[in-house]
Amino acid sequence: MTWIAQNLWLIPVLPLAASGVIAVNKQRQHKLAATLAIGSMVLAFLLSLCAFSATLIHHGESGVFREVAGFNWLQFGGQWLQLGWVLDPLTAIMLVMVSFVSLLIFIFSVGYMAHDENFTRFFCFMSLFAAAMLGVVIANNLLLFFVCWEIVGLTSYLLIGFWYHKPSAAAAAKKAFITTRIGDLGLLLGMVWLYAETGTLNFYADGHGCLESSALTAMVTHMTAAGMAVSTAIGLLIFLGAVGKSGQLPLHVWLPDAMEGPTPVSALIHAATMVAAGVFLVARVYPLMSAHPEGAAAETAALQVVTWVGALTAIFAASVAVAQTDIKRILAYSTVSQLGYMMLGLGVGGVAVGMFHLITHAFFKALLFLGSGSVIHGCHEEQDVRKMGGLKKFMPVTFATYAIGMLALAGFPLFFSGFWSKDEILHAAHGWPVSHIPFFLGCAGALLTAFYMTRQVALVFFGEYRSSGRQSAHSSSKTDKHEKSAPTHVGGYDGKGEPHESPAVMIVPLVILAVFAILLGFVGTPAWPWFDGFLNGEPAGFNFSKLTESGTLGLMLASAGFVFTGLGLGWWLYGKRQRKTAEEPDVLQVAQPAVFRLLENKYFVDEIYDATGVRFNAWAAQACDFLDRWIWGGVVMLVTWVTLGLSSLYRFTDEFVVDLGFDTGCETLREGGGEMSRWQNGRVQTYLRVIGVALVVLVLFLIWGRKT
């Protein structure tokens, strides 16, 4: 076993240790907190590169390279629960992505959070968050996976509600925590069921893991009462956990509200860590979800559910993003949509297809979120795109990097990573034998993505600056409390009403992410499918002719057509017709007010949940309170009163019946005994008198009897 596989546990432990040390230090030790957090991520990134190198060295030797290590943790009866880690291509590529993107976000945070009074606490939570996600990535055991998964949920709650003095942030944190717990319940049930079926929670264990052929064969042939294979049922329960974590329909509602946290938190959650965890979970248990009896169709029920949920989520969220006005909320719905694409890719094309889009998306979405943070700085905490405009002349580097991220997300042909990863998904969806509807939904989502991102860039960076340089009443009310704890950030408002560029500590991470947003796509083109070969343990050669094959070229042209259509419509409606004031209604709002209102209000999903699930929960809580207070409480009080009444009756009977009767009887006996004792005084004279009297009485009785 390689040394890095044996010591893989160090990668999550480093930021975990940094988090612990930061937690016990004083709040004002900002430099120490930042140094520990960034230093731990640098070391974690270097170790991740070592792990990646190990998989590269052994790539193609004999299938997929995989090394596992572990230890016994808990014993019950004659069985042990084990914890362990695994090094394989999937782990290696995720470790590099998570550690590298997290490192850049940490560096950016030094500038963004420079004047926040809770700077130290922020880096403590961020380090714990990164450690938990790295633990999720290396886990070779579903129990360890679940423990780290829940720590991710805890830290997301802490970071989304970081500015807890804002009611909206506190509410968003609770919403995220509760919504994801719904999905986690399914994951927990699936985990328990999987253990009951296989006797292990290890993914790989020398042929005896729950994802290896012996266990999968047994689960495929074992049917539930509903006629579904056990492997499918367990896979769907596990997928429910992924639905919650990755913001898929219908548990997507927490993710846009997560924007209440600081922008680096949004970048970390929406790019490299939390939301990626759900997609990674499906990729990790893909052998379970794709298991099918010999001769049966490869498109299992579990994978079909993954496909449909992903396709519907992609088009749903993309349409909602069209009508949003908060710069971060647009990106949030974009994340939901892109996560849908990843699920679609996993369902129709396999692990490599979905994971390739996850990796490319992590870089260009982190770029976009950090870019939005730079914009928010420049506009003095303003987040409404209607109140921006013309920022490209004030923030040229931010504009250039943001434009690269936007084009990568939109899938601009050939030169940006998003084009290649998105096209691979569409290509796989086009060949899916079950239905072509997911393919058409994916194409429509691609058009909408290009449209709403062009709209955003046009409103933010082009035209004239539409703010007076002072916060509006709305913005002020939203950020007053934030400003108390976090005054004007570095590189933000210059006091003259005009924004300007952010400092180098924020700009450098943007430039690095922009480079990767371009270059990463070239490792997964049809001409050089290196990424696919790396994950599958197969060599991947360069073959330029693959690009010119009729099927591939036709889909590339069709995809490019959708992208150019979206870009053109967005520029025609928002680039050429720049709004003059912030109060001016949206072009789509004027053209289709009813449709725009529907999209602006997110199809009223939150309102529907409030009117149904939340109201039912409130009613159920009130009913439970009534039952507890008046029914069960009444029964308890009735029993109490009956008990008290009976005890009073027993006391009365004891004191005034039993005790009184007993005492009276005893007194009578005592007095009678006293009287009788007078006849037993030992005096002969007394006894003779009694005998004499008795003799007289006897004689008189006999004489009276004879006469009668």
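To the nearest 0.5 Å, the span separating CE on Met406 from OG1 on Thr449 amounts to 10.5 Å. Between the CG atom of Leu407 and the CZ atom of Phe415 there is a distance of 11.5 Å, given to the nearest 0.5 Å. For the atom pair CG (Leu459) and CD1 (Ile330), the distance works out to 7.5 Å, reported to the nearest 0.5 Å. Within the model, atoms CG of Asp606 and NZ of Lys175 stand 3.5 Å from one another, a figure rounded to the nearest 0.5 Å. The structure places CZ of Phe419 at 10.0 Å from OG1 of Thr525, a figure rounded to the nearest 0.5 Å. Phe416 contributes atom CZ, which lies 11.0 Å from atom CG of Leu519 (distance to the nearest 0.5 angstrom).
Within the 3.5 Å criterion, the main-chain N or O of Lys580 finds a donor-acceptor partner in the side chain of Glu584. For Trp163 (side chain) and Gly261 (main-chain N/O), no donor-acceptor pair under 3.5 Å exists by modelled atom type. The main-chain N or O of Leu555 is never found under 3.5 Å from a side-chain atom of Ser559 such that the two would form a donor-acceptor pair. No donor-acceptor distance shorter than 3.5 angstrom exists from the side chain of Ser246 to the backbone of Val243, with no hydrogens or angles considered. Checked by atom type and distance alone, the side chain of Arg466 pairs as donor or acceptor with a backbone atom of Val385 at under 3.5 Å. At distances below 3.5 Å, at least one donor-acceptor pair connects side-chain atoms of Gln456 with backbone N or O atoms of Ile327. Between the side chain of Thr263 and the backbone N or O of Gly373 there is no donor-acceptor pair closer than 3.5 Å. Remark: side-chain polar atoms of Gln324 are paired, donor with acceptor, to backbone N or O of Leu599 under 3.5 angstrom. When atom types are taken as modelled, the side chain of Thr313 and the backbone of Gln248 share no donor-acceptor pair closer than 3.5 angstrom. Looking only at distances, a side-chain donor or acceptor of Thr180 sits under 3.5 Å from a matching main-chain atom of Phe177.
Ring planes of Phe162 and Phe125: perpendicular class, angle over 60° (limits at 30 and 60°). Relative orientation of the Trp528 and Trp530 rings is tilted, given thresholds of 30° and 60° on the angle between their planes. Note: His270 and Phe369 have tilted aromatic rings, judged against thresholds of 30 and 60 degrees for the angle between ring planes. Classification of the Phe399-Phe461 ring pair by plane angle, with boundaries at 30° and 60°, yields tilted.
Between Tyr574 and Tyr452 there is no side-chain heavy-atom pair separated by less than 4.5 Å. With a 4.5 Å cut-off on side-chain heavy atoms, Phe451 and Leu573 count as touching. Looking at heavy atoms from C-beta onward, Ser417 lies out of side-chain contact with Phe363 at the 4.5 angstrom threshold. Side-chain contact check for Met94 versus Ile359: some heavy-atom pair is nearer than 4.5 Å. You'll find the side chain of Val523 reaches within 4.5 Å of the side chain of Phe356, heavy atoms only. Using a 4.5 Å cut-off on side-chain heavy atoms (C-beta onward), Pro413 and Met556 make no contact. Side chains of Leu331 and Met259 form no contact here, defined as non-hydrogen atoms less than 4.5 Å apart. Put simply, the side chain of Leu448 reaches to within 4.5 Å of the side chain of Val322, judged on heavy atoms.
A side-chain donor from one of Tyr603 and Ser319 sits under 3.5 Å from a side-chain acceptor of the other. Checked by atom type, the side-chain pair His357/Gln338 shows a donor-acceptor distance below 3.5 Å.
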Which is it for Tyr609 and Val605 under the side-chain contact (heavy atoms from CB on, under 4.5 Å) test, yes or no, and what are the steps along the way? CA-CA 6 Å; Tyr609 284 176; Val605 173; 3.8 Å; yes

Determine, step by step, whether Arg455 and Asp586 satisfy the side-chain contact (heavy atoms from CB on, under 4.5 Å) criterion, reporting the C-alpha distance in whole Å, the side-chain angles of both residues, the deciding distance to 0.1 Å, and the verdict. CA-CA 11 Å; Arg455 170 182 180 265; Asp586 193 277; 3.2 Å; yes

Val460 vs Tyr402, test: side-chain contact (heavy atoms from CB on, under 4.5 Å). Steps then yes/no. CA-CA 11 Å; Val460 172; Tyr402 201 92; over 6 Å; no

Evaluate the criterion side-chain contact (heavy atoms from CB on, under 4.5 Å) for residue pair Val320 and Val336; output intermediate values, then yes/no. CA-CA 10 Å; Val320 172; Val336 176; over 6 Å; no

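For Ala517 against Phe364, the heavy-atom pair with the smallest separation is CB-CB, 3.9 Å. Nearest heavy atoms, Thr273 versus Ser102: CG2-OG, 4.2 Å. Of all heavy-atom pairs between Lys422 and Ala410, the closest is CE-O, 4.0 Å. Closest of all the heavy-atom pairs between Gly445 and Ala318 is O-CB, 4.3 Å. The minimum heavy-atom distance linking Glu501 with Ser374 is given by the pair OE1-OG, 4.0 Å. The two atoms that bring Ala317 and Ser337 nearest to each other are CB-N, 3.5 Å, heavy atoms only.
Phe100 and Phe516 have their aromatic ring centers within a separation under 6.0 angstrom. Annotation: Tyr341 is not in aromatic contact with His361 [ring centroid separation under 6.0 Å not met].
Annotation: Tyr157, atom OH; neighbour count of heavy atoms from other residues, nucleotides and ligands within 6.0 Å does not exceed 12. Environment of OH in Tyr164: sparse, with no more than 12 heavy atoms of neighbouring residues, nucleotides or ligands closer than 6.0 Å. More than 12 non-hydrogen atoms from other residues, nucleotides or ligands lie less than 6.0 angstrom from CZ of Arg577.
A salt bridge links Lys393 with Glu464; the closest basic N to acidic carboxylate O contact falls under 4.0 Å.
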